[in-house]
Asker: 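For reference, the structure I am asking about is given below.
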Amino acid sequence: MRQIYILRHVESEANRAQVGLGRTDSPPTELGRRQIAATAEALADEPITRILSSPLQRARLLAEAIGAVRSVEVESRDELLELDVGKLEGLDWSITRERYGDFLRAWRGDEAAETPMPGGESLVDVLRRSRPLFDSLVDDPADGAALIVSHNFVVRMLLVHALDLPVRAWRRFDVGLAGLTTLRVQDGVPVVERLNDRHHLDALRGFALE
């Protein structure tokens, strides 16, 4: 592909509640639905010819809206599922701090990417399952652009991989809800054009806190 777009999902009910969120299929909020409409409109004229999405609805509904305006069928890919947060799923952060203090101390350290969530995955696990899909898009000789719609930690791991950075650099990226990153494939190498672009959401500022 000539370009690869990477898009984080929209606001979900669990995001709004600020609880641990991994594989729970939390639906979009009203703000999230507005983010879907604004993002689909913003990408209506982009040369997107392939769309790959996490099956979770906070990503899938966004992908389907973009697919509708681009007349592109969405491919549901389990490789793009969010990090499995295990026992932290649905927990308020105050409870997480109380129950899993040892984990949180390790998570704040240099080895965070190799540290699995209690009963779940590590960021390295996410990288291992998502990287081959990304590489297949880079190697695809087709014209046009591929759009990946996924989740916070998947996006971070793909950026680390695309830019050939050490895994510990995952904290160096800000990945906002409905944030768009675009890469140009140049001589087989992904080159960043836009990073976490959210200008298409400007009209929604003040609608609700994100």
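Source: prediction; values computed, not measured.
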Asker: Taking atom types as modelled, find out whether S12 and N15 have a side-chain donor-acceptor pair closer than 3.5 angstrom.
Answerer: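 Distance-only check passes for S12 and N15.
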Asker: Give the C-alpha distance, both sets of side-chain angles, the deciding distance and a yes or no for side chain to side chain donor-acceptor pair (under 3.5 Å) between E13 and T29.
Answerer: CA-CA 5 Å; E13 295 290 351; T29 61; 5.7 Å; no
Asker: In terms of side-chain heavy atoms, does N152 have a donor or acceptor partner in H9 at a distance below 3.5 Å?
Answerer: no
Asker: Mind checking the CD-CZ spacing from E82 to R58? Nearest 0.5 Å is all I need.
Answerer: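 The CZ atom of R58 is 6.5 Å from CD of E82, to the nearest 0.5 Å.
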Asker: Determine whether R172 and L165 make a side-chain contact, defined as any pair of heavy atoms from C-beta on separated by less than 4.5 Å.
Answerer: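 R172 does not reach L165 side chain to side chain.
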Asker: How about Q35 and E11: do any of their side-chain heavy atoms sit closer than 4.5 Å?
Answerer: yes
Asker: Could you give the distance from CD1 (I4) to CZ (F134), rounded to the nearest 0.5 Å?
Answerer: 4.0 Å
Asker: Below 4.0 angstrom, N of the basic side chain to O of the carboxylate: do E30 and R33 qualify?
Answerer: yes
Asker: Consider side-chain contact (heavy atoms from CB on, under 4.5 Å). Of L83, L81, V85, which one does E121 pass it with?
Answerer: L83
Asker: State, yes or no, whether a side-chain contact exists between L61 and I36 at a heavy-atom distance under 4.5 Å.
Answerer: yes
Asker: How far does NE2 of H200 sit from OG1 of T39, to the nearest 0.5 angstrom?
Answerer: 3.5 Å
Asker: In the structure I gave you, are the side-chain heavy atoms of V191 and L183 within less than 4.5 Å of one another anywhere?
Answerer: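 V191 does not reach L183 side chain to side chain.
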Asker: Enter the distance from L180:CG to R194:CZ here, rounded to the nearest 0.5 Å.
Answerer: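 Between atom CG of L180 and atom CZ of R194 there are 4.5 Å.
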Asker: Check this for me: does any side-chain nitrogen of one of R23 and E89 sit under 4.0 Å from a carboxylate oxygen of the other?
Answerer: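 E89 and R23: not salt-bridged.
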Asker: Just wondering, more than 12 heavy atoms not from R129 lying within 6.0 Å of its CZ?
Answerer: yes
Asker: Less than 4.5 Å apart, any side-chain heavy atom of T49 and any of D143?
Answerer: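 No, every pair of side-chain atoms sits at 4.5 Å or beyond.
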Asker: Any luck finding a side-chain donor-acceptor pair between E114 and S122 under 3.5 Å?
Answerer: no
Asker: For Q3 and E193, does a side-chain donor sit closer than 3.5 Å to a side-chain acceptor?
Answerer: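 Judged by distance alone, the side chains do pair up.
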Asker: How about S54 and V149: do any of their side-chain heavy atoms sit closer than 4.5 Å?
Answerer: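 Side-chain contact under 4.5 Å: no.
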Asker: Do the charged groups of R168 and D110 touch, with an N to O distance under 4.0 Å?
Answerer: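 Result for this pair is no, no salt bridge flagged.
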Asker: Is the CG atom of D164 crowded by more than 12 outside heavy atoms at less than 6.0 Å?
Answerer: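 For D164, atom CG is not crowded (no more than 12 foreign heavy atoms under 6.0 Å).
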Asker: Quick one: CE on M157 to NE2 on H151, what's the gap to the nearest 0.5 Å?
Answerer: 15.0 Å
